[in-house]
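Lettering of chains follows the sequences in order, A, B, ..., and the numbering in each one begins at 1. These numbers come from a predicted model, not from an experiment.
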Amino acid sequence: MTEETKSLNFIEHIIEEDLANGMAKDTLRFRFPPEPNGYLHIGHTKAIGISFGLGEKYNAPVNLRFDDTNPAKEEQEYVDAIKRDIAWLGYQWANECYSSDYFQQLYDWTIQLIKDGKAYVDSQSSEAMAEQKGTPTQVGTNSPYRNRTVEENLELFQGMKDGKFEAGTHVLRAKIDMEDPNMLMRDPLMYRILFAHHHRTGNDWCIYPMYDWTHGESDYIEQISHSLCSLEFKPHRKLYDWFKEQIYDYNKTEYPLLPKQREFARLNLSYTIMSKRKLLKLVEEKLVSGWDDPRMPTISGLRRRGYTPNAIKKFVETVGVAKRENVIDVSLLEFCIREDLNKTANRVMAVLNPVKLIITNYPEGKVELLDAENNPEDENAGSHKVPFSRELYIEKEDFKEDAGSKYFRLTLGKEVRLKNAYIIKGENVVKDADGNITEIHCTYDVDSLSGSGTEASVRKVKGTLHWVSIAHAVQAEVRVYDRLFSDEAPDSHKDKDFMEFVNPNSLTIVNAFVEPYLKEAKVGDRFQFQRLGYFCVDKDTTAEKLIFNKTVGLRDTWAKIKPKLQENQAKPQQKQQHQRPPIEEIKQLGKKYTNLPEEKQQIAKEKIQALAENVPYEDLEPLFATAAKKSGTRIAAMITLGVLLKNGQERNGNINEFIEKALDDKNELLVAEAKQL
RNA sequence: UGGCCCAUGGUGUAACUGGCAACACGUCUGUUUUUGGUACAGAAGAGUCUAGGUUCGAGCCCUAGUGGGCCAACCA
């Protein structure tokens, strides 16, 4: 058994506890309840991963339930997209459910509640009701309609259902407690009149149930054991429980299990937004090409960008589940996709920013078909042929006339390897009138062909370049993406709208040259463009035109070195430490002082003494009052005091008292320090 | 002038109350390499928001403070 015991997250702990307390494993059941009012994004992926992941872990069913109680915002397009995305991620739902399927049941229960005096029709304006609701710090007051008779309520509610009233004239409210500190308990709305076409129920209803009433009861009807949602629903839990307890009496034999709502922190990603409303705005204002624009953090966008379900799942697994607000660094997402693609994507060569390279000693008109390994990480990936000739394209970035020793690429008089081909040496350059390099001339070592086994072929050269034969190159459009927002948290600024941070340069279209092998590529195929990054074939590709999306770049150490080299010449600069006051550091050192082994204690003492040089007496004095038992802190204070006294601090009553008290202490270390003073 | 939730390296998540707090990403070194990728080896970086308390012993329990989040849609 090499099974590694992974630590459980808090939700798994809850489930394990429930199981331990006698809950039958086969009653476990979960659900993912999106509202079909937009596309799913990477944040939803966490919720999906949690509930579907739990389903897999416990072999329990997971329902996909569309929370479709607001016909004004919801559309079939979104239902289809949501199903497509979840299926693409590789999850299978047990049942496809719709809250709207429960409208009748919900209605029947509502009649019961009215009869039991637990709900009433209110006929005020929304403004009047809002006023009576109070505020978070102020209790509410009862509606004048709160005590309508059951008969009157029944009749009015029937009228609402029958379409006898205009929208906004009446609502149905639960009768709970207008003084509850939780505002959701102050007679929440259960139904409103809405003359709108519903994507499933058409015009059958003109009253629609509200979220709290619908969601919890949908869970109950489906007998969901654990209803998991994000943190902002925590206050709803009290209402969730209230409704479910009222209903329980009506149907306990049919629906014996009471679901349990638990909340986790939603996922936030740096440099992007996670709000369907805001994403919709980007779509509507055409800042992106649609919900599936590869720059969008939607699942559809990520898919089109070239992300894989595995990478996304790994990502969600890695970020974990907890209750504190978090912002995940995009670098983690990028790590996950690179890790996956590194193992699975075939290597090819493509030049995005070309400059002509002529091998002057290579015969004109000669073409060789060279072997190119598809994937060094996968022995079974095979290889393909790549044509080589006298005139090639290489990246402009890969040549420099005057290069320093840190530059491993092509320069005059030095040798580099052309990937899968020969070793070449830079000879000279041809420039246009403006001084731009138009051609690079080089010579090649005839015996150095990759894989030929000759002595020359195994010579070590500093750099390896990718290239493509001009005569054989296929033109392709490459869409290179930068982050959609320039700010780390675009929607977290009170004073600025997230739209202000939209990066105007998030898309760059490049006309690239790719090796002919790519002519066969199909929409969705993923490749590594050697030395550049991962790319996938976009759905806009036609028979005439190949289009690639850049998924993510390779890790680029050179990109990090380059600016440093320039910087070093520019400025000497000393680095700014984030400084905490020295007394704070002393307190910290002191806290653990007594637990340290002797050797480390000595080091800590020296540190304290050094820090003490910069401690003003006013900072130290409060520490004299440290509780007797916190001897570590007192020792640190004593050491500090020693330094201060040495530096001319005068003794006073407080100081003497502190020393006296220390001399009487049972901690020997403290006594020793005190004696020295 | 309320209620609820949260607080652990730069980021995210762990840690049965018990030995100088672990893992991943990120950062930095080095080795290998026909990708300045990958892989491998290693390093730096927190002493767990603060103050009290309980305990022989607290990141974990209690109290208070501080900081952050959520709650006043006929949205979900």
Sticking with atom [atom1], work out how far [N] lies from [M], rounded to a whole angstrom.
| N | M | atom1 | value |
| --- | --- | --- | --- |
| B:G45 | B:G9 | P | 15 Å |
| B:C49 | B:A58 | P | 15 Å |
| B:A44 | B:G10 | C1' | 13 Å |
| B:U13 | B:G65 | P | 26 Å |
| B:G18 | B:G57 | C1' | 7 Å |
| B:U11 | B:U27 | P | 15 Å |
| B:G26 | B:A43 | C1' | 14 Å |
| B:C6 | B:C60 | C1' | 15 Å |

So, does [X] get its side chain near the phosphate of [N], meaning an N or O under 4.0 Å from OP1 or OP2?
| X | N | answer |
| --- | --- | --- |
| A:Arg555 | B:G36 | no |
| A:Lys323 | B:C6 | yes |
| A:Thr69 | B:C75 | no |
| A:Arg266 | B:C6 | no |
| A:Arg173 | B:C74 | no |
| A:Lys560 | B:C28 | yes |
| A:Thr137 | B:A72 | no |

What's the [atom1]-[atom2] distance between [X] and [N], to the nearest Å?
| X | N | atom1 | atom2 | value |
| --- | --- | --- | --- | --- |
| A:Leu231 | B:C6 | CG | P | 8 Å |
| A:Asp340 | B:A24 | CG | P | 19 Å |
| A:Arg409 | B:G37 | CZ | C1' | 12 Å |

Review point. Are A:Tyr107 and A:Phe157 an aromatic pair by the rule of ring centers under 6.0 Å?
Key: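 Yes.
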Just compare [options] and give me whichever is closest to any side-chain atom of [X].
| X | options | answer |
| --- | --- | --- |
| A:Arg192 | B:G36, B:G26, B:C74 | B:C74 |
| A:Phe408 | B:C74, B:G36, B:U33 | B:G36 |
| A:Ala322 | B:G37, B:G36, B:U13 | B:U13 |
| A:Asp329 | B:U11, B:A76, B:U35 | B:U11 |
| A:Asn326 | B:A24, B:A73, B:G12 | B:G12 |
| A:Glu35 | B:C71, B:G36, B:C75 | B:C75 |
| A:Arg531 | B:G36, B:U13, B:A76 | B:G36 |
| A:Met210 | B:G3, B:G36, B:C75 | B:C75 |
| A:Tyr407 | B:G26, B:C74, B:G36 | B:G36 |
| A:Lys234 | B:G12, B:G37, B:C4 | B:C4 |

Check your understanding: Taking atom types as modelled and ignoring hydrogens, do the side chains of A:Arg31 and A:His215 form a donor-acceptor contact shorter than 3.5 angstrom?
Key -> yes
Any base atoms under 4.0 Å from [X], or only sugar-phosphate, or nothing? Heavy atoms, all strands.
| X | result |
| --- | --- |
| A:Asn182 | nothing |
| A:Gln124 | base |
| A:Phe233 | base |
| A:Arg347 | base |
| A:Thr135 | base |
| A:Val461 | nothing |
| A:Gln528 | base |
| A:Leu194 | nothing |
| A:Lys406 | base |
| A:Arg237 | nothing |
| A:His466 | nothing |
| A:Phe315 | nothing |
| A:Lys238 | nothing |
| A:Val171 | base |

Point to revise | Chi-based syn or anti call at B:G68, which uses purine or pyrimidine torsion atoms and a 90° bound | key: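 Base orientation relative to the sugar is anti.
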Point to revise | Nearest-nucleotide comparison on RNA chain B, the residue closer to the 5′ end among A:Pro34 and A:Pro235 | key: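 Its nearest nucleotide being more 5', the pick is A:Pro235.
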Practice item. Output yes if the stacking criterion (under 5.5 Å between centres, under 30° between planes) is met for A:Tyr211 over the base of B:A76, else no. Key: no
Practice item. Please examine the side chains of A:Lys462 and A:Lys414, heavy atoms only from C-beta on, and report whether any two atoms are closer than 4.5 Å. Key: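 Not touching, per the 4.5 Å side-chain cut-off.
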Watson-Crick or G-U wobble partner of [N], both distances under 3.5 Å:
| N | answer |
| --- | --- |
| B:A22 | B:U13 |
| B:C61 | B:G53 |
| B:G67 | B:C6 |

Review point. Hey, does the Lys NZ or Arg CZ of A:Lys419 hover above the aromatic six-ring of A:Trp467, less than 6.0 Å from the centre and inside 45° of the axis?
Key: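 No; the conditions do not both hold, so A:Lys419 does not lie above the ring face of A:Trp467.
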Practice item. Measure from the side-chain N and O atoms of A:His466 to the backbone N and O of A:Met349, and report whether any donor-acceptor pair falls under 3.5 Å. Key: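 No.
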Review point. Is the shortest side-chain N to carboxylate O distance from A:Arg186 to A:Asp177 below 4.0 Å?
Key: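 No salt bridge links A:Arg186 with A:Asp177.
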Practice item. Determine, for A:Asp491 against A:Lys278, whether the closest basic-nitrogen to carboxylate-oxygen distance falls under 4.0 angstrom. Key: yes
Check your understanding: What residue among A:Tyr78, A:Tyr98, A:Tyr102 forms ring-ring contact (aromatic ring centres under 6.0 Å, His included) with A:Phe66?
Key -> A:Tyr98
**Study point:** Which atom of A:Ala350 lies closest to which atom of A:Val514, heavy atoms considered
**Key:**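 That would be CB-CG1, 3.6 Å.
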Point to revise | salt bridge (charged side-chain N to carboxylate O under 4.0 Å, His left out) assessment of A:Arg531 paired with A:Glu397 | key: CA-CA 12 Å; A:Arg531 302 208 304 137; A:Glu397 278 255 291; over 6 Å; no
Check your understanding: Do A:Glu334 and B:G26 have a side chain to base donor-acceptor pair shorter than 3.5 Å?
Key ->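 For A:Glu334, whose side chain was compared with the base of B:G26, there is no donor-acceptor pair (under 3.5 Å).
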